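The structure under discussion appears below in the form of structure tokens.
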Amino acid sequence: MTQTLTAPARAAQPQRGNLRKMLMPLALDVAAPMACYYLLHGAFGMSEVTALAVSGVIPAVRVVAGIVRDRTLNGLAGLTLAVNVAGIALSFVTGDARMMIAKDSALSGVISLFMMLTAFTARPVMTPGMRAFITRGNAVREAAWERLASSARFRRAERRFTGIWGGAMLADCVARLIGAFTLPVSTMVWLSNVLLIAALVVGLLVAGAFGSGPIMMMVSIEAKDAR
């Protein structure tokens, strides 16, 4: 009886651990800097430039901690760190708090450009993540993927998936850049995050409908026929 009652709890622990692992970067990169800005600027009367610079240190520290922990520097981590440091430096040099807001659009812009460029290569950058999600390490589905990989229809769906994500990030870049220089800084601190989340939701829905969805169907049919 004791084993029966404790088994579901043990099974739920990895899921809760994975959820915490996914939410922690979001909390440190989005929620914590936003709360820090409003606290320093609104409650303590700190200038916009200083409040944004201090709040920008939080995600930078998270990236550095990840590099130290993993003992490796991947391209995205390096780019994120460089953009954060550049944004903080530019804000102090120019005295313009809007530069800290604009740095986020610059990051989206570089990522979108990279995505769209790789969409026309033999290895679109979003393919490995999509493949892991669709095949889930299943040998039959992996074999089905390999057989389909040379299909023109399959390849088009691969490129379309990465291209759509690139377009979503480009839209985020443009929207946040316009907002950074036309709207109040205090508005863009929260609206910038809303725009990013909206771009991610659109990317998930559209890329799923026209990219990963068709690929998942092709893999499922191919795997079923192989049996």
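All of these numbers come straight from a predicted model, not from anything done at the bench. Counting from 1, the numbers follow the sequence of the chain as shown.
Nearest approach of S212 to G208, heavy atoms of both residues: OG-CA, 3.2 Å. The minimum heavy-atom distance linking A144 with A223 is given by the pair CB-N, 3.8 Å. Shown here for A180 and I101, the closest heavy-atom pair between the two residues is CB-CG2, 3.6 Å. Taking every heavy atom of both residues into account, A207 and I164 meet most closely at N-CG2, 3.6 Å. Considering every non-hydrogen atom in both T121 and R155, the closest pair reads O-NH2, 3.6 Å.
M216 and M130 fall within the same hydrophobic cluster, defined by Ile, Leu, Val, Met, Phe, Trp and Tyr side-chain heavy atoms under 4.5 Å apart, directly or through other members. L183 is connected to Y37 through a chain of hydrophobic side-chain contacts under 4.5 Å among Ile, Leu, Val, Met, Phe, Trp and Tyr, so both are in one cluster. Linking ILVMFWY side-chain heavy atoms closer than 4.5 Å, directly or via other members, places M100 and V57 in a single hydrophobic cluster. Hydrophobic clustering of Ile, Leu, Val, Met, Phe, Trp and Tyr side chains at less than 4.5 Å, counting indirect connections, unites I215 with F133. Hydrophobic cluster membership differs between M217 and V140, with clusters built from Ile, Leu, Val, Met, Phe, Trp and Tyr side chains linked at under 4.5 angstrom.
L40 has its side chain out of reach of S55: every pair of non-hydrogen atoms, C-beta onward, lies at least 4.5 Å apart. Counting heavy atoms from C-beta outward, R62 and I58 have side chains that stay 4.5 Å or more apart. At least one side-chain heavy atom of W145 sits less than 4.5 Å from a side-chain heavy atom of T127. Looking at heavy atoms from C-beta onward, D96 lies out of side-chain contact with V49 at the 4.5 angstrom threshold.
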Under 3.5 Å, which donor-acceptor pairs link side chains of residues 110-120 to any protein atom two or more places apart or in another chain?
residue : atom : partner : partner atom : Å
S112    : OG   : S108    : O            : 3.3
S112    : OG   : G109    : O            : 2.8
T118    : OG1  : F114    : O            : 3.3
T118    : OG1  : M115    : O            : 3.0
T118    : OG1  : V125    : N            : 3.2

Pair up each side-chain donor or acceptor in residues 184-206 with any protein partner under 3.5 Å, not counting sequence neighbours, and list the distances.
residue : atom : partner : partner atom : Å
W190    : NE1  : T187    : O            : 3.3
S192    : OG   : R176    : NH1          : 2.9
N193    : ND2  : V189    : O            : 3.2

Handout entry: Trace of the side-chain contact (heavy atoms from CB on, under 4.5 Å) decision for S105 with D172
Key = CA-CA 7 Å; S105 65; D172 171 65; over 6 Å; no
Practice task
Apply side-chain contact (heavy atoms from CB on, under 4.5 Å) to F161 and R156, showing your working.
Solution key: CA-CA 9 Å; F161 181 78; R156 281 196 301 270; over 6 Å; no
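Using modelled atom types, no side-chain atom of H41 and backbone atom of A51 make a donor-acceptor pair closer than 3.5 Å. No donor-acceptor distance shorter than 3.5 angstrom exists from the side chain of T135 to the backbone of R141, with no hydrogens or angles considered.
Between atom CZ of residue F44 and atom CG of residue L39 there is a gap of 5.0 Å, rounded to the nearest 0.5 Å. We find the CE-SG distance between M34 and C36 to be 11.5 Å, quoted to the nearest 0.5 Å. Distance CD1/I134 to CE/M218: 8.5 Å, rounded to 0.5 Å.
With respect to E158 and R153, no salt bridge is recorded, no charged nitrogen being found less than 4.0 Å from a carboxylate O. Note on E142 versus R131: salt bridge recorded, some NZ/NE/NH1/NH2 to OD/OE distance being below 4.0 Å.
The number of heavy atoms from other shown groups lying within 6.0 Å of CZ (F92) is above 12.
R159 pairs by the salt bridge (Lys or Arg N to Asp or Glu O under 4.0 Å) definition with nothing, not counting sequence neighbours.
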